[in-house]
Amino acid sequence: MAPATPAHVGPIHWRLLVDWLAADGMISPEEFQRTVARCSQAESSQPALARLASVAMQRARDGKPLDMEMLAEWLAGRAGLPYLRIDPLKVDVGKVADTMSAVYAERHKVLPLQVGPTEVMVATAEPFVTDWVGEVERQSRRSVRRVVANPQDIQRYTAEFFALAKSVRAAQKSGSGAAPASFEQLVELGKTNKQLDANDQGVVQVVDWLWQYAFNQRASDIHLEPRRDQGVIRFRIDGVLHPVYQMPMGVMNAMVSRVKLLGRMDVVEKRRPQDGRIKTRNPRGDEVEMRLSTLPTAFGEKMVMRIFDPDTAVKDLDALGFSQHDATRWEALVKRPHGVILVTGPTGSGKTTTLYSTLKRVATEELNVSTVEDPIEMIEPSFNQTQVQPQLDFNFAEGLRALMRQDPDVIMVGEIRDLQTAEMAIQAALTGHLVFSTLHTNDAPSALTRLMELGVPSYLLNATVLGVLAQRLVRTLCRQCRAPDESLTREALNQVIAPWRITGNCTPYKPVGCVDCRMTGFMGRMGLYELLAVSEAFKERLHQNGQPGGLRKQALVDGMRPLRLAGALRVAEGLTTVDEVLSTTPPLD
């Protein structure tokens, strides 16, 4: 690529960019003429890159439209500067806001992204405008390293980052972050429904920003974590925690108390765990429910907000990640009139989503579907949901006993934790009900062994248990940037799942990273499943000895596919990676 003319200084006119694009062979002569004609027809106040992106020029070599991202990356090469896709989760917003004012950043269309001891990295969309560099170096007492970024991202994140920093400062100035006593006054005002002081609006703005930012980043959980010197905010995205922001402990305490007020929790009580709920709306205007949980720690009260997005809460079996083989067998199980169906896996493996999605399918006008949960994960209008309350001696077993008098057809028990609950679930199945529940075991056959260890006789398990579904969640590759993985051959993949073998198509992909997936290479998660359908031969094995090894062998004979094999099949389809599968699934025997 030819370098830009060294003599050029200042903003770039769109016509000059078009000339450079043609000179570099990025666009054909015909595209050059068309672009000049279209851009000359009407004057526009848009920046040069935005103006050209709106024309949708076609790249000469492959005909792809030259969008803003491609143009900005090309311009960076032309100017001899690095190109950077802005990842907001990797930006220390507090340090950025201290480097320059929002007015200055907007005037020069620049945005600080990283601030080190001797250097500050600043993103710009005008690589030939440098009159601001000397002033920033004098003010920050650091050298400036310029990078080129998408001008739309610079504009968007300038507004977000400086608004957040302003809200945090306002919260500190208000006194709500100065000492616990000052925020207790805010709490008292909240209890008496008086108008809060205008400065306390900073706390409100920070909490509102936090929620909207979490929704935009596809977070499933928000963690507010107190530390010795300052509070830390982290988001869980696709199963991985990402640090987002650090702030003074006083502001963190104020935010926790604000959320507790909205969740109708006891704001003054900080010595014991509490649970609550909040309903709010995401940027699209859809209603989003969040489950709140607090926990006292050494440095203060930690809060986790679990986000239940209506788009992901209830899915069909294909969207959950079921293969056709397992989907057919699962559908046959849930259509049975009575019996026990178990879903197993560690915390965060998607058991609740699978159960809710399945119950949603079976919940018709003719059936009474009732649940006993701790806590109620998501409010679903088609179910009758009950929350256990241990402080009132109302546990899972008592909840099940009460449900049996409510004329249920389908029952879901949040978790079988003890013999009493297991016995009640089995009794419900024996009396003609379809019962769903969860257990924490590593694989499907171990669920039967666990129930026997609790004290349930094998003959009762044989009479009631229909099947067990073990599951895990793996991150899925971003379809916008994934690339074929030529290093992973069919033989190498077969070694991972030996003695099993993959005989169908094998087109593995690897993560690359793009702006859509925040440079991680992954976008979303999917389930891996291991479905054990109890057969007569399996019942015989269970009755004879119930040893995990023997049960597993019989389940495999009956058609169960191991979790690792399910993962390898998804790798062969190009949906995830071997590393993801190996890190989440138990090894094959």
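Quick caveat, the model's predicted, so the values are computed rather than measured. Numbering of residues begins at 1 and proceeds along the displayed sequence.
In this structure, Q274 contributes its side chain and E269 its backbone to a donor-acceptor pair below 3.5 Å. In this structure a side-chain-to-backbone donor-acceptor pair under 3.5 Å is present from K351 to G345. Distance alone, capped at 3.5 Å, is enough to place a donor-acceptor pair between the E530 side chain and the A444 backbone. Judged by distance alone, the side chain of E373 and the main-chain N or O of Q385 form no donor-acceptor pair under 3.5 Å. In this structure, the side chain of T328 does not engage the main chain of H325 through any donor-acceptor pair within 3.5 Å. The backbone N or O of M303 lies less than 3.5 Å from no partner atom in the side chain of T294, so there is not a single donor-acceptor pair. Counting only distance, with no hydrogens or angles, the side chain of Q212 and the backbone of R281 share a donor-acceptor pair below 3.5 Å. Side-chain atoms of N368 come within 3.5 Å of backbone atoms of Q406 as a donor-acceptor pair (strictly under, hydrogens ignored).
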Would you give me the side-chain donor-acceptor pairs under 3.5 Å for residues 555-566, sequence neighbours excluded?
unit_1 : atom_1 : unit_2 : atom_2 : d
D558   : OD1    : S535   : OG     : 3.4
D558   : OD1    : Q554   : NE2    : 3.1
D558   : OD2    : S535   : OG     : 2.5
R564   : NE     : T585   : OG1    : 3.1
R564   : NH2    : L582   : O      : 3.4
R564   : NH2    : T585   : O      : 2.7

Counting only pairs under 3.5 Å, give me each side-chain donor-acceptor contact of residues 493-501, with atom names and distances, residues two or more places apart or in other chains.
unit_1 : atom_1 : unit_2 : atom_2 : d
N494   : OD1    : I502   : N      : 2.8
N494   : ND2    : R490   : O      : 3.3

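Atom CD of E491 has more than 12 neighbouring heavy atoms from other residues, nucleotides or ligands inside a 6.0 Å radius.
Rounded to the nearest 0.5 angstrom, L359 CG and E380 CD are separated by 9.0 Å. L454 contributes atom CG, which lies 9.5 Å from atom CD of E423 (distance to the nearest 0.5 angstrom). The CD1 atom of I278 sits 11.0 Å away from the CD1 atom of I307 when rounded to the nearest 0.5 Å.
A search for salt bridge (Lys or Arg N to Asp or Glu O under 4.0 Å) contacts involving R450 returns E453, not counting sequence neighbours. Residues that satisfy the ring-ring contact (aromatic ring centres under 6.0 Å, His included) test with F235, not counting sequence neighbours, are Y213. Evaluation of the side chain to side chain donor-acceptor pair (under 3.5 Å) rule for T344 yields T441 as partners, not counting sequence neighbours.
For the salt bridge (charged side-chain N to carboxylate O under 4.0 Å, His left out) condition, the pairs that include at least one residue of residues 232-243, sequence neighbours left out, are R218-D238, E225-R234. For residues 456-472, every residue pair satisfying the side-chain hydrogen bond (donor to acceptor under 3.5 Å, both in side chains) rule, not counting sequence neighbours, is listed here: T354-Q471. For the ring pair (Phe, Tyr, Trp, His ring centres under 6.0 Å) condition, the pairs that include at least one residue of residues 368-410, sequence neighbours left out, are Y356-F383. Sorted by first and then second residue, the ring pair (Phe, Tyr, Trp, His ring centres under 6.0 Å) pairs with a member in residues 404-452 form an empty list; sequence neighbours excluded. Applying the salt bridge (charged side-chain N to carboxylate O under 4.0 Å, His left out) test to pairs two or more places apart or on separate chains, none has a residue in residues 424-435. For residues 400-414, the set of pairs meeting the salt bridge (charged side-chain N to carboxylate O under 4.0 Å, His left out) definition, not counting sequence neighbours, comprises E398-R401. The side-chain hydrogen bond (donor to acceptor under 3.5 Å, both in side chains) contacts involving residues 475-484 comprise R475-E580, where partners must be two or more places apart or lie in separate chains.
With contacts defined as side-chain heavy-atom distances shorter than 4.5 Å, the pair Q217/H242 does not qualify. Side-chain contact between W330 and I341 is present, with at least one heavy-atom pair separated by less than 4.5 Å. Residues E415 and T421 are not in side-chain contact: their nearest non-hydrogen atoms beyond the backbone lie 4.5 Å or more apart. Residues R570 and S323 have side chains in contact (heavy-atom distance under 4.5 Å, counting atoms from C-beta outward). Side-chain contact check for F522 versus P511: some heavy-atom pair is nearer than 4.5 Å. Contact annotation: the side chain of L532 approaches that of V534 to within less than 4.5 Å [non-hydrogen atoms, C-beta and beyond]. Between T577 and L488, the closest side-chain pair of non-hydrogen atoms is not below 4.5 Å. T386 is not listed as a side-chain neighbour of S370, based on a closest heavy-atom distance of 4.5 Å or more.
Closest heavy-atom contact between L295 and P273: CD1-CG, 4.1 Å. Contact detail for K260 and V267: the closest heavy-atom pair is NZ-O, 3.4 Å. When all heavy atoms are compared, the tightest approach of T297 to P226 is OG1-CG, 3.4 Å. Closest of all the heavy-atom pairs between L451 and L461 is CD1-CD2, 3.7 Å. Among all heavy-atom pairs drawn from F215 and T280, the shortest one is CZ-CG2, 3.7 Å. When all heavy atoms of M252 and V232 are compared, the pair lying nearest together is CE-N, 3.3 Å.
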*Go through R85 and E69 one step at a time and tell me if the side chain to side chain contact (heavy atoms under 4.5 Å, CB included) criterion holds.*
CA-CA 8 Å; R85 292 184 177 94; E69 207 72 41; 3.5 Å; yes
*Test log, rule side chain to side chain contact (heavy atoms under 4.5 Å, CB included), inputs T371 and I411*: CA-CA 6 Å; T371 72; I411 298 172; over 6 Å; no
*Evaluate the side chain to side chain contact (heavy atoms under 4.5 Å, CB included) criterion for residues I416 and L342: first the C-alpha distance (whole Å), next the side-chain angles of each, then the deciding distance (0.1 Å), finally the verdict.*
CA-CA 9 Å; I416 293 179; L342 300 172; 4.1 Å; yes
*Could you go step by step and tell me if D418 and N395 meet the side chain to side chain contact (heavy atoms under 4.5 Å, CB included) rule?*
CA-CA 11 Å; D418 50 41; N395 53 25; 5.5 Å; no
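In this model, a donor atom of one side chain and an acceptor atom of the other lie less than 3.5 Å apart for Q544 and E540.
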